[in-house]
Amino acid sequence: MSRVAVLGGGITGVTTAYALAKRGVNVTLIERHRYAAMETSYANGGQLSASHAEVWNHKATILNALKWMARRDAPLLLHPWPSWHKLSWFAEFLAAMPAYERNTIATARLAIAARAHLFAWAQEEHIDFDHRRAGILHVYRDRRGFERAAGVSRLLAQGGLERRAVTRQEMRAIEPALQGDFYGGYYTDSDSTGDIHKFTSGLADACARLGVACRYGTQVTALAREHGKVRISVGAGEDSTLFDAVVICAGTASRAMAAMLGDHVNVYPVKGYSITVQLDDAASRAAAPKVSLLDDATKLVSSRLGEDRLRVAGTAEFNGFNDDIRADRIRPLVRWVEQCFPGVNTRKVIPWAGLRPMLPDMLPKVGPGKAPGVYYNTGHGHLGWTLAAATAEMVAEVLLSSSAANR
C-alpha cells in the first residue's frame, strides 16, 4: 500500500494515521482546520469510560425524548421540525432496538481493548494529557434509576467490565466533595479521564515525526473512484491527488463523503455542550471533585483536568448541523456545579458545543466500504475518546490485510 489518505484530524483520524504510520504506511492526513482536534475532539467530557458503553437504543431514551420536548434545558432535546436525515436516522435507531443488549456488550469490549493502546501510545510518545486514573462514579438520585443501572451493569460484565454498586456512604468516601441527595451509585475503578485535545494534539505531533504528511487548513470538496484508486479534490477543486486508499474519519461530515463514494453511512450530528471551570483559587481547587462523575438524572459528566480545571459536559440535542452555544443549554451545567460543589467559584467558566457523529445503532463504522480502497472509521458518537484507539488499530489491520490480499 503506497499512499493512504486519512480524512479528518479529530481523535479518530489522528489515531488512525498514527496506527497506519506505525505499520510503515505512507499516510497523508487531511484536516479542514488549521490544527488537529478543533471540533468534537476539543472540549468533551474527558471520560475514558467503558462504564458508559450502554447504547441509547432503549425505550427509556424514546420516553425521555418525548417527555422533555417542551423543556429548552432538557438533558435530551429533540427539535420537532422534521428533515429527511433526522427521520431516516430515527427509523434506523428504532430498528436497532432489538440489538440493544448485544451492542452494549460489544461496545464495552471495544472500550476495554482501547485502553491498552491509548495508554501505550501516550507513554511511548511522552504525551501529557492530564491523565487521571481515579475511576468513574455513576450517581443515581432515586431507586428506579439505581435498579435500572443494575441491569446495565450485568451487560457490562458480559463485556468484561467490573462495575460495583456503592451505597451513599461509600459514594461519600470515594468523592467527599460531592453534595446532594443521592440514592446510591456504581463505581468503575478501571476507568479514567484525560484531556482529549491535549492527547490528540500530542499524537498529531507524533504522526508528523513518523513521516505523516499533515495537510491542515485543507477542505475536501470531492471524492471519486478512478482506475482502482481514490481521487481527492481539495479547495476550489483544482488541486486533486490520487491515493491508493482513503480512510474516512470525518465525524459528522462522513455521511456526505460516503455518499460521494456510493456508501450509506447515516451519521447524525448530535450536539453536546461542555463548560470548563477555571479553579483559580485554593478554595475552589479543594472543593472540586477529583473523581470523575456521571449524574444519571441530569445526564452530565465531570472530569478533573489537572489541578486547575473542572470539565462538565453532557446533554444531547438533535438540531442538525447547528453548533451555536446556547445560554439556556449552558446554564444547567453551571447550576449543576453550584449545587453539587458549592465551594467551587464559577466566576470564570468557558462554554463550548460540539457535534457528536452518531450512527443509529450507536456502533462506529469500522472497515471497508463498497468500493476497493475505501475504508471508514467514524460514527463513534459520545464515545470517540473512549473507543478511538481500538478502532484505529482495527481499521489499520483491515486495510493492510486487504492490500496484501490484492497484490
Between the side chain of [X] and the main-chain N/O of [Y], is any donor-acceptor distance below 3.5 Å?
X      : Y      : value
Ser254 : Gly251 : yes
Arg311 : Ser302 : no
Lys290 : Arg304 : no
Asn319 : Phe321 : no
Thr221 : Ser233 : yes
Asp263 : Lys370 : yes
Trp336 : Thr298 : no
Thr61  : Trp56  : yes
Asn345 : Asp281 : no
Thr188 : Asp191 : no

**Prompt:** With a cut-off of under 6.0 Å to the ring centre and 45° to the axis, is Arg34 in cation-pi contact with Tyr216?
**Reply:**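 Verdict for Tyr216: no cation-pi partner in Arg34.
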**Lys/Arg cation over aromatic Phe119: Arg133, 6.0 Å, 45° cone** =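 Relative to the ring axis of Phe119, which defines the angle, Arg133 lies inside both limits.
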**Message:** Between Arg356 and Glu317, is the salt bridge (Lys or Arg N to Asp or Glu O under 4.0 Å) condition met? List the steps.
**Reply:** CA-CA 10 Å; Arg356 308 179 188 99; Glu317 186 176 324; over 6 Å; no
Aromatic ring pairing [X]/[Y], orientation class (parallel under 30°, perpendicular over 60°, tilted between):
X      : Y     : answer
Phe93  : Phe90 : perpendicular
Trp352 : Tyr42 : tilted
Tyr268 : Trp89 : tilted

Heavy-atom pair of closest approach, residues [X] and [Y]:
X      : Y      : answer
Leu203 : Ile127 : N-CD1, 3.6 Å
Ala222 : Met260 : CA-SD, 3.8 Å
Thr252 : Val267 : CA-CG1, 3.9 Å
Ser51  : Leu156 : O-CD1, 3.7 Å
Thr241 : Arg3   : CG2-NH1, 3.4 Å
Asp361 : Val55  : O-CG1, 4.2 Å

**Item:** side-chain hydrogen bond (donor to acceptor under 3.5 Å, both in side chains) between Thr12 and Asn377, intermediate numbers included
**Value:** CA-CA 7 Å; Thr12 57; Asn377 183 19; 5.2 Å; no
Measure the spacing between [atom1] of [X] and [atom2] of [Y] and express it to the nearest 0.5 Å.
X      : Y      : atom1 : atom2 : value
Ile11  : His197 : CD1   : NE2   : 11.5 Å
Ile350 : Ile275 : CD1   : CD1   : 10.5 Å
Arg329 : Thr315 : CZ    : OG1   : 4.5 Å

**Request:** Take Lys348 and Asp280 through the salt bridge (Lys or Arg N to Asp or Glu O under 4.0 Å) test and state the conclusion after the steps.
**Result:** CA-CA 9 Å; Lys348 189 183 292 186; Asp280 290 339; 3.0 Å; yes
**Asked** Is the gap between the ring centers of Tyr183 and Tyr140 under 6.0 Å?
**Response**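 Distance test on ring centres: not under 6.0 Å, no.
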**Message:** What verdict does the side-chain contact (heavy atoms from CB on, under 4.5 Å) test give for Thr107 and Ile105, after you've listed the backbone C-alpha separation in whole Å, the side-chain angles of each residue and the deciding distance to 0.1 Å?
**Reply:** CA-CA 5 Å; Thr107 304; Ile105 295 167; over 6 Å; no
**Asked** When you look at Asp244 and Lys229, which way does the salt bridge (Lys or Arg N to Asp or Glu O under 4.0 Å) test go after all the steps?
**Response** CA-CA 5 Å; Asp244 296 289; Lys229 298 181 184 294; 2.5 Å; yes
Do [X] and [Y] have side-chain heavy atoms sitting under 4.5 Å apart?
X      : Y      : result
Ser83  : Lys86  : yes
Ile62  : Leu94  : yes
Pro364 : Leu110 : yes
Thr28  : Phe243 : yes
Leu137 : Met171 : yes
Arg23  : Leu400 : yes
Cys249 : Thr16  : yes
Val270 : Phe318 : yes

Donor-acceptor contacts, no H, no angles, side chain residues 204-215, under 3.5 Å, sequence neighbours left out:
from, atom 1, to, atom 2, distance (Å)
Arg209, NH2, Glu125, OE1, 3.1
Arg215, NH2, Asp239, OD2, 3.0

**Message:** Between Leu300 and Leu333, does the side-chain contact (heavy atoms from CB on, under 4.5 Å) criterion hold? Intermediate values first, please.
**Reply:** CA-CA 8 Å; Leu300 296 180; Leu333 279 66; 3.9 Å; yes
**Steps toward side-chain hydrogen bond (donor to acceptor under 3.5 Å, both in side chains) verdict (Glu170, Tyr187)** = CA-CA 10 Å; Glu170 290 171 315; Tyr187 180 58; over 6 Å; no
**Prompt:** Just checking, is any N or O donor in the side chain of Gln47 or Ser292 under 3.5 Å from an acceptor N or O on the other one?
**Reply:**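 Yes.
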**Asked** Would Glu92 and His264 count as having a side-chain donor-acceptor pair, cut-off 3.5 Å?
**Response**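 Yes.
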**Message:** I need the full list of ring-ring contact (aromatic ring centres under 6.0 Å, His included) pairs touching residues 9-41, with sequence neighbours left out, sorted by first then second residue.
**Reply:**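 Qualifying pairs, neighbours excluded: Tyr18-Trp121.
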Name each donor-acceptor pair under 3.5 Å that joins a side chain in residues 159-166 to protein atoms two or more places apart or in another chain, with its distance.
from, atom 1, to, atom 2, distance (Å)
Arg163, NE, Ser153, OG, 2.8
Arg163, NH2, Ala149, O, 3.1
Arg163, NH2, Ser153, OG, 3.0

**Message:** One pair to check against side-chain contact (heavy atoms from CB on, under 4.5 Å): Val247 and Val4. What are the steps and the verdict?
**Reply:** CA-CA 8 Å; Val247 188; Val4 176; 4.1 Å; yes
**Salt bridge present between Asp296 and Arg141 (N-O < 4.0 angstrom)** =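 Answer for the salt bridge query: no.
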**Asked** What do the steps show when you test Arg172 against Leu178 for side-chain contact (heavy atoms from CB on, under 4.5 Å), and what is the final call?
**Response** CA-CA 7 Å; Arg172 304 298 182 201; Leu178 178 65; 4.0 Å; yes
**Asked** Would Lys271 and Asp324 satisfy salt bridge (Lys or Arg N to Asp or Glu O under 4.0 Å), going step by step from the backbone distance to the final call?
**Response** CA-CA 9 Å; Lys271 182 158 62 170; Asp324 294 345; 5.8 Å; no
**Request:** Verify the neighbour count for atom CD of Glu226: are there more than 12 heavy atoms of other residues, nucleotides or ligands below 6.0 Å?
**Result:**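 Yes, the 6.0 Å shell around CD holds more than 12 heavy atoms from other groups.
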**Item:** Trace of the side-chain hydrogen bond (donor to acceptor under 3.5 Å, both in side chains) decision for His131 with Gln123
**Value:** CA-CA 11 Å; His131 190 206; Gln123 183 175 7; over 6 Å; no
